[in-house]
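The model shown is predicted, which means the values in this text are computed figures rather than measured ones.
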Amino acid sequence: LNPLFAPVSSLEGIGPKLTKTLTRLFHGTFANERIKTLSDEELDDFESLMQEHDRDLIIWFTGEAEFPLDDLRNIFETVNNHITAGNQNA
């Protein structure tokens, strides 16, 4: 499990607005710190990843479900590694 996140079960009942805010927040740190270093292809992939449903993103990044999109696996792993490394430095 990604140590940055509580299990999804503890997030139940927080509502879609807060879920969306949490999802955008953890991706915002990656975007703020890495967006200028991404290639055009990585940027396109990151944009595609951000189009996925917030609930799916949360369960993928918490490790409660395996990430199923092979075509976006590289950017998913890049973001996940960034989030995990940032949490270990916190």
Side-chain angles (χ1 to χ4, degrees):
L1 289 177
N2 186 324
L4 181 60
F5 303 101
V8 171
S9 59
S10 68
L11 298 175
E12 289 178 9
I14 65 171
K17 189 172 187 176
L18 184 53
T19 299
K20 186 176 201 90
T21 299
L22 289 171
T23 303
R24 299 302 174 217
L25 179 64
F26 75 79
H27 286 105
T29 61
F30 174 82
N32 287 339
E33 295 175 18
R34 296 283 312 274
I35 202 81
K36 293 179 182 177
T37 67
L38 297 178
S39 69
D40 288 343
E41 181 180 354
E42 290 170 321
L43 192 55
D44 289 344
D45 288 348
F46 182 69
E47 186 175 87
S48 294
L49 183 62
M50 293 297 89
Q51 296 301 312
E52 296 298 323
H53 293 281
D54 293 330
R55 186 82 173 148
D56 290 336
L57 291 169
I58 288 173
I59 64 170
W60 296 334
F61 280 104
T62 60
E64 293 199 26
E66 187 171 330
F67 186 73
L69 307 172
D70 287 335
D71 56 329
L72 297 178
R73 186 165 309 281
N74 286 342
I75 195 66
F76 171 80
E77 290 176 356
T78 299
V79 174
N80 197 41
N81 290 338
H82 176 83
I83 292 167
T84 301
N87 187 55
Q88 291 173 352
N89 294 329

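Taking E47 as the reference, nothing meets the side-chain hydrogen bond (donor to acceptor under 3.5 Å, both in side chains) condition, with sequence neighbours excluded. In this structure L43 satisfies the side chain to side chain contact (heavy atoms under 4.5 Å, CB included) test together with I35, L38, sequence neighbours excluded. With sequence neighbours left out, the salt bridge (charged side-chain N to carboxylate O under 4.0 Å, His left out) criterion links R73 to D70. With sequence neighbours excluded, the residues forming a side chain to side chain contact (heavy atoms under 4.5 Å, CB included) with S39 are E41, E42, listed by chain and number.
Separating the NE2 atom in H82 from the CZ atom in R34 is a distance of 7.0 Å, to the nearest 0.5 Å.
V79 has its side chain within reach of F61: a pair of non-hydrogen atoms, C-beta onward, lies under 4.5 Å apart. In this structure the side chain of I75 never reaches within 4.5 angstrom of the side chain of D44, judged on heavy atoms.
F67 pairs with exactly one of L49, L57, N80 by the side chain to side chain contact (heavy atoms under 4.5 Å, CB included) rule, that one being L49.
Residue D71 qualifies as enclosed at atom CG: its count of foreign heavy atoms under 6.0 Å is above 12.
Relative orientation of the F76 and W60 rings is perpendicular, given thresholds of 30° and 60° on the angle between their planes.
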